[in-house]
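Structure record follows, encoded as structure tokens.
Here the structure is a predicted model, which is why all the values come from computation and not from measurement. All chains are named by letter (A, B, ...) in the order of the sequence lines, taking the proteins before the strands, and each is independently numbered beginning at 1.
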Protein chains: 2
Amino acid sequence: MQFRIGEAAKRAGCKVETVRYYEQMGLLPQPSRSEGNYRLYSEEHLAQLRFIRHCRSLDMPLEDIRNLLTLRERPREHCAEINALVDEHIDRVNSQMALLEQLRESLLTLRSQCAGPGYTDSCEIVRELSTCECHDS
Amino acid sequence: MQFRIGEAAKRAGCKVETVRYYEQMGLLPQPSRSEGNYRLYSEEHLAQLRFIRHCRSLDMPLEDIRNLLTLRERPREHCAEINALVDEHIDRVNSQMALLEQLRESLLTLRSQCAGPGYTDSCEIVRELSTCECHDS
DNA sequence: ACAATCCCTCTAGTAACTATAGAGTCAAGG
DNA sequence: CCTTGACTCTATAGTTACTAGAGGGATTGT
Ligand SMILES: [Zn+2]
Ligand SMILES: [Zn+2]
Ligand SMILES: [Zn+2]
Ligand SMILES: [Zn+2]
């Protein structure tokens, strides 16, 4: 079975442009072409596209995915590199979460400053933002 | 007191290019210029730059900051819009956190699949990524 | 006088797409 | 046979908030 790009995109749950983008970025091998120059994807292409989309749904950067694809093609090597790659990504996600948590705290504190319906010039939110000391020195 | 851009940037804890960028984006009014065409910032410029940097440290998008700056200049209006703006941002942060939490779960599950030192072609991480069903249909 | 350091404008690069523009391909209906 | 519509092609620019560089001018210190 061969699929044109629209079908491939639909099956992988992404847009046509995204599929072309992956090809351009070297994540998807160039497919064969029809007589009218349409891309024709095989089942294997499709599997690879799904692989990419699944990794992306885990928010892995394209470069990591590129590395995973390469590693996958050396089946007799130990999977330590793969684990390391996943671990690093988990670390990234963890530190993003820590950052967001701090952000949330700061924002909630800021928000709680407003004493309720009042005028802008006496709003503590505005005041706190305007008299920041952390960005002064 | 007047400051040149390097001094202003240092005081606000950002790079020179960032200050110029804010000016270009209309977040900072154009400062006066010296004879040699150097930007000369006043204390007020500096305060506004700090305001922007502080909002940015809360990860507010520049457009929100632009709105805040506008709202701040209408001191006799009610601060409801300001509150709404902050609330929306808090919502964004909350949903980002929820997303990241899910991501973290998925990644930890994925990571735990690997049975330890083994070969790539029998690694469950690779298998799980390759046989994704969520991106198939 | 000269070097180091600052500053200027303009342009391009980052990540991962998304969205056009302008053209070609293909199947079905009248 | 012709046309309409859906699909595809390439190439280019836009998104966000900066960052980095080229190629030049200004200022400062010795
Ligand atoms: Zn208020
Ligand atoms: Zn601050
Ligand atoms: Zn393994
Ligand atoms: Zn999947």
Side-chain angles (χ1 to χ4, degrees), chain A residues 2-28 30-41 45 48-49 51-69 88-89 92-93 96 99 103 135, chain B residues 2-28 30-41 45 48-69 88-89 92-93 96 99-100 103 135:
Chain A
Q2 310 253 87
F3 314 94
R4 294 192 307 191
I5 196 167
E7 185 68 13
K10 200 166 64 171
R11 290 196 185 218
C14 66
K15 304 206 168 184
V16 165
E17 293 85 5
T18 308
V19 180
R20 282 197 286 251
Y21 176 70
Y22 291 153
E23 178 182 328
Q24 211 185 328
M25 294 296 105
L27 290 165
L28 267 181
Q30 298 198 327
S32 55
R33 297 284 183 136
S34 75
E35 231 174 272
N37 200 33
Y38 287 8
R39 288 171 180 79
L40 293 179
Y41 294 100
H45 281 111
Q48 183 147 339
L49 179 55
F51 181 95
I52 298 170
R53 289 309 292 169
H54 191 81
C55 291
R56 283 297 297 139
S57 77
L58 298 171
D59 206 31
M60 290 186 192
L62 293 189
E63 182 158 1
D64 281 19
I65 302 175
R66 202 196 317 277
N67 288 334
L68 276 180
L69 288 168
E88 274 172 44
H89 185 48
R92 276 197 301 266
V93 169
Q96 272 186 52
L99 232 150
L103 229 59
H135 294 89
Chain B
Q2 309 253 88
F3 315 94
R4 294 193 308 194
I5 197 168
E7 185 67 14
K10 201 165 64 171
R11 290 195 186 219
C14 67
K15 305 206 167 183
V16 165
E17 293 84 7
T18 307
V19 181
R20 283 198 285 252
Y21 176 69
Y22 292 153
E23 177 183 328
Q24 211 184 326
M25 294 296 107
L27 290 166
L28 267 180
Q30 296 197 330
S32 55
R33 297 284 183 136
S34 75
E35 234 175 86
N37 201 31
Y38 286 8
R39 288 171 179 81
L40 292 179
Y41 295 100
H45 281 110
Q48 182 147 338
L49 178 55
R50 266 186 264 112
F51 182 95
I52 297 170
R53 289 309 292 168
H54 191 81
C55 290
R56 284 297 299 138
S57 77
L58 297 171
D59 206 32
M60 289 186 193
L62 293 189
E63 182 157 3
D64 280 19
I65 302 174
R66 200 194 319 276
N67 288 333
L68 277 180
L69 288 168
E88 273 172 44
H89 186 48
R92 276 197 302 267
V93 169
Q96 271 186 54
L99 231 151
L100 273 185
L103 227 59
H135 295 88

OP1, OP2 of [N] versus side-chain N and O of [X]: anything below 4.0 Å?
X       : N      : value
B:Arg53 : D:dC18 : yes
B:Lys15 : D:dA20 : yes
B:Thr18 : D:dA17 : no
A:Arg39 : D:dT10 : yes
A:Tyr22 : C:dC17 : yes

Between [atom2] of [N] and [atom1] of [X], the distance in whole Å:
X       : N      : atom1 : atom2 : result
B:Leu27 : D:dT16 : CG    : P     : 13 Å
A:Glu23 : C:dA16 : CD    : P     : 18 Å
B:Tyr21 : C:dT11 : OH    : P     : 17 Å
B:Ile5  : D:dT27 : CD1   : C1'   : 16 Å
A:Arg20 : D:dT12 : CZ    : C1'   : 13 Å
A:Arg4  : C:dC26 : CZ    : C1'   : 7 Å
B:Ile65 : D:dC18 : CD1   : C1'   : 13 Å
B:Glu7  : D:dT28 : CD    : P     : 13 Å

Touch check for A:Arg66, heavy atoms < 4.0 angstrom, all strands: base, sugar-phosphate only, or nothing?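 The answer is nothing, as A:Arg66 stays clear of every strand by at least 4.0 Å.
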If you look at every heavy atom in A:Ile65 and A:Met60, which pair is closest and at what distance?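 The pair with the smallest heavy-atom distance is CD1-O, 3.7 Å.
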Nearest nucleotide by nearest heavy atom, which residue falls closer to the 5' end of DNA chain D, B:Pro61 or A:Gly36?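 Its nearest nucleotide lies further toward 5', so the answer is A:Gly36.
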Base of D:dC7, side chain of A:Tyr38 - is there a donor-acceptor contact under 3.5 Å?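 In this structure, the two groups form a donor-acceptor pair.
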Distance-only, no hydrogens or angles: does the A:Glu7 side chain make a donor-acceptor pair with backbone N or O of A:Gln2 under 3.5 Å?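 Looks like no, no N/O pair under 3.5 Å.
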If I take atom CZ from residue B:Arg56 and atom CG from residue B:Leu62, how far apart are they, to the nearest 0.5 angstrom?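 Reported value, rounded in 0.5 Å steps: 5.5 Å.
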Do B:Arg39 and B:Glu23 pass the side chain to side chain contact (heavy atoms under 4.5 Å, CB included) test, and can you show the C-alpha distance, the side-chain angles, and the key distance before you say yes or no? CA-CA 11 Å; B:Arg39 288 171 179 81; B:Glu23 177 183 328; 2.8 Å; yes
Any side-chain hydrogen bond (donor to acceptor under 3.5 Å, both in side chains) involving residues 58-67 of chain A? Give me the pairs, sequence neighbours left out, ordered by first then second residue.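 Only A:Asp64-A:Arg92 qualify under side-chain hydrogen bond (donor to acceptor under 3.5 Å, both in side chains).
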